[in-house]
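Predicted model, so just to flag it, every value in this text is computed and none were measured. Side chains included, hydrogens not; waters and symmetry mates left out as well; all remaining heavy atoms used.
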Amino acid sequence: MKLDYQRIEAKWRKTWTETQLYRVNEDLSKPKYYVLDMFPYPSGAGLHVGHPLGYVASDIFSRYKRMSGFNVLHPMGYDAFGLPAEQYALDTGVHPAKSTSDNITRYRTQLDNIGLSFDWSRQVRTDDPKYYKWTQWIFLLLYQHYYDTSKQTAVPIADLIAHFEKFGSENVTAASSQHVPFTAENWNTMTAEEQNAMLMNYRLAYRKVGYVNWCEALGTVLANDEVKDGVSERGGFPVVQKEMLQWSLRITAYAERLLSGMDGLQWNESLKTIQRNWIGKSEGAFVDFRVADNLEQSIKIFTTRPDTIYGATFMVLAPDHDLVPLITSDDRKKEVEAFAEKSKNKTTNRTGVKTTEGMWTGAYAVHPLSGENIPIYIADYVLKDYGTGAIMAVPGDDERDNAFATQHNLPIVEIIDRSEYPNAGMGDHEGVLQNSIFLNGLPIDEAIQKMLDYLEKNKLGIRQTEYKLRDANFSRQRYWGEPFPVYYDQNGMPVELNQNDLPLELPELDDFKPSPDGRSPLARIDTWMKPQAGIERETDTMPGYAGSSWYFLRYMDPDNQNEFASKEAINYWQDVDLYVGGIEHAVGHLMYSRFWHKVLYDLNFVPTEEPFKKLINQGMIQGIVESILLMKERDNGYYHFVSADIASERKLDDTIVSAIPVHIDFVSDYGHPDSHLTKEGIEAFIKWRPEYTEALFETKNGVFTASQFGEEQLVTKSEVGKMSKRYHNVVNPDDVIARYGADCFRMYEMFLGPIEQSKPWDTMGIEGVSKFLKKLWSLYYNEQDEWIVTNDEPKEGSLKILHASIKKATEDIERFSFNTSISQFMICVNELRKLDEHSSQVLSPLVQIIAPFAPYIAEELWEALGNTISVHKSSFPQFDKTYLVENVFTYPVCINGKKRSEITLLKDVTNQQIEEQAKALPEVIKWLEDKPIKKVIIIPEKMINFVI
RNA sequence: GCGGGUGUGGCGAAAUUGGUAGACGCGCUAGACUUAGGAUCUAGUGCUGUGAGGCUUGGGGGUUCGAGUCCCUCCACCCGCACCA
């Protein structure tokens, strides 16, 4: 009974490659199904056991779909541009192209070992000029179009120019950075540069001076989603706001469609919520407040609660609001400027800090409804980059305004009567209006509508929807990215490259330091930067998300030289049916791809508006961090480690200085409650960390030096944590596969629990799956390695368990519950072993249903069963429900819902017969104790319940 | 603070529409075979009780003949956003 998985894996890996088993072509006779994994960034560290979780899940599903008659596109590629390769180049001098290629080779070997059914003929790499030609091409599309807000679609910029020539900016319905009115005459007398600058207001890819997230340590700007808590997501370096001329993408034009487009998608709710929050829609109104005694200035505010306007008793501007210097009274100037300066310096990390700090500007605004003068303040709690950077403060129904008013002794008008809603707080949409003239007595939501109508009718304000979403910064001062297909003429005006001149290839370079003025390393290659007199190329490159925003389309037709993909290919494959990947891309990649896809959809390049119909976020595989405990006090000058069991017994928490992570290879019973170091472990540890050579190790039996350590065990502390080099707890899939085989590795990863859940890698549990595979094998081969499958008729009961398993497997795979299908396989194999079943009529379909999970072993057994075509090309078995229908059924017999007995009856007995027979049961008689039966509930084939 | 999610044995977890809670695996206990076992096989294993039985899906309450599942309420943990007007 030898299961030699290494031989089997090598054999089939070779055959599958030679026969191009997973190669797929457009085939109109079959329905298509597109299963996509988020392609990896090929990092130097290689894969750990966590990475393939999603790949294995999508692979099982792909194989199942293929066997179910679908033409499955299941490709893989590499997100090959990126910062780490360039940082690595800076450190070592190895060219990013080389290190990236090396890493890709390594990834490929690891992926192949797992037995994933990718069609490698379709591989894409974002750093391949044949690929990024089209990334550049899409960038130019964005550059050449603007967003028409009335038609809700992208439109060629030429149409806008035609409009400007005839009508100027009048009646233009376009998403823009700022609204600058001009006439047709104005337009026609502008210089080319001026016109170009004006168009930049509208283009979907545009250049502007603005504050950007500048990371000094990385020497580049970052997009909003690449910054977390004021530091760079990669590396954790500080990020500051810096003014720079940068390319941006007008994703804000698509805010509403990005929001509403999610409704029809099969994504999990938390992911949708993350995107909704990021887009941050709020509906309300712009209202203008005139500045008192000042005919020129008025303050535009945004509010979602126009109903509370009668409660506005003062106004607040952001300290850096443009109007502040214009309205501040002379006697307040000094203090206001000082305050503004102070708050500017603390902008970096102000999250969560509630503050009531602020200052009066000396100016008043005129309340637009009451006509009263209300003071204008500046305060930290109003942000320049949200809404208009100014608010009307309603201390009667806003906690921050209230706190501010209390602090600064400003009047508070109670405008909401919440006496009917004792649990509601400020800002809740519960209660009725009071002290608000014509709104009095109205519930909040009605009052909002009434006030909006009033404001618009009297031209005091307009309805408006605001979004938190900002335009996406698209420039990086980096070498290892896509060059912009743009140069600048003598006047600095951008000129786009012709499609024929694409791709604009990255030049060779061997020094990757940024140029001294903060520009990308490309600026140091004069010959590249200035290909001819009067022309200067853009030296920035595109960010990491450029190449990954459309790669799923390239897989449809990866070698096409004339289009990013042919119409035929796109029309056949349409969109991604199933996308599997990590939640960490919720606001970055997934948002940008959807945006690009919608632009391509508007321009009729793709047939669907959304790229990813169904999305599954696989959880993370966590590691167990094993550490040993070091005492704070040294023992006669020696380091002193304590076994974790005595540490908890003696409650030594306060005296332990730190837990030193130990390499998991040294730990016995790794990952278990009684994990510990033995003598060998201690010796390996001090060899690894020589500074602890002299240390003392205290166990229950006393205190020992490493050399004195005998049979005792130093118990380690185990915690669930990230699997990371830092904790020395990385489990490499190659090692697991070498020991247990790829099939076992795949099944175990799935058996661990639901795909969407994170869970620690438990080394011991894999034995169960390993045992299962050996048992499965033993149905086909005996201990002498002889083939024992027969052509006999199946034994009584075998077909029932087989078909139950087919049914369960089908249903479970469809709902991505792979752990439960594996449980069913285990039950099935155990049953068949008990029945001593060796009939090919049972064992042949069994191979097929297990094939998506254990492709190697299944293929080997399938061949041994006499098949000449791969099991992965066969049809997934259909279950036959006649085998599953019971003719007897065991009913639980309950008294008042509690099971007291059971009774086995023929399936088609009448309810009356069931009741009579159940009543006759001795247990029932005993429990009824002659009490009258109030009611009898019989649910056929389920249960019988007597109510007394 | 707001939004989303999750709470079931010693552990990972099952449970279809409200119908025998804890399938399957790990671990543990006992036994068999063994020179040996960290191999294999068999049996047992939610808690409690000698037993009949009683209790049990984060806590409390409700609807129901019957609730892990539905409703109300509280608690804990995880994730996202966070002075968002």
| Base versus backbone protein contacts along nucleotides 18-24 of chain B [heavy-atom cut-off under 4.0 Å; B, S, -] | -BB--BB
| query | Under the salt bridge (Lys or Arg N to Asp or Glu O under 4.0 Å) test, which residues partner A:Asp397, sequence neighbours left out? | reply | A:Arg305, A:Arg418
| request: List for me each residue that meets ring-ring contact (aromatic ring centres under 6.0 Å, His included) alongside A:Tyr5, sequence neighbours excluded, and say none if there are none. | output: none
| field | Partners meeting side-chain contact (heavy atoms from CB on, under 4.5 Å) with A:Asp4 (sequence neighbours left out) | value | A:Gln6, A:Arg7
| All side-chain hydrogen bond (donor to acceptor under 3.5 Å, both in side chains) counterparts of A:Ser805, not counting sequence neighbours | A:Gln824
| Of all residues at least two apart in sequence or in a different chain, which pass the ring-ring contact (aromatic ring centres under 6.0 Å, His included) check with A:Tyr381? | A:Phe404
| query | In whole angstrom, what separates A:Met750's CE from B:A14's C1'? | reply | 17 Å
Within the sub-3.5 Å range, which N or O atoms of nucleotides 37-42 of chain B have a protein N or O partner, and how far apart are they?
none

| Qualifying residues under side-chain contact (heavy atoms from CB on, under 4.5 Å), relative to A:Glu915, sequence neighbours excluded | A:Lys919, A:Val936, A:Ile938, A:Phe946
| Which residues satisfy the side-chain contact (heavy atoms from CB on, under 4.5 Å) test with A:Arg900, sequence neighbours excluded? | A:Ile895, A:Lys898, A:Trp927
| remark: Regarding B:G31, purine or pyrimidine glycosidic angle vs 90° from 0 gives anti
| message | Using a heavy-atom cut-off of 4.0 Å across all strands, would you classify A:Asn277 as base, sugar-phosphate, or nothing? | response | base
| request: Give a yes/no on whether any side-chain N or O of A:Lys468 is located under 4.0 angstrom from OP1 or OP2 of B:C84. | output: no
| message | Is there a side-chain contact between A:Arg400 and the phosphate of B:C84, meaning an N or O under 4.0 Å from OP1 or OP2? | response | yes
| query | Can you tell me how far P in B:A52 sits from the matching atom in B:U45, rounded to whole Å? | reply | 14 Å
| task | Might you point out which heavy atoms bring A:Leu53 and A:Gly619 nearest each other, and give the distance in Å? | result | CD2-O, 3.2 Å
| Partners of A:Gln275 by side-chain hydrogen bond (donor to acceptor under 3.5 Å, both in side chains), sequence neighbours excluded? | A:Arg594
| query | Taking only residues two or more places apart in sequence or in another chain, which ones pass side-chain contact (heavy atoms from CB on, under 4.5 Å) with A:Ile788? | reply | A:Asn782, A:His838
| How is the base pairing of RNA chain B summarised as a dot-bracket string, given the Watson-Crick and G-U wobble criteria with both distances under 3.5 Å, [ ] for crossing and | for another strand? | (((((((..(((......[....)))((((((.......))))))(((....)))..(((((..]....))))))))))))....
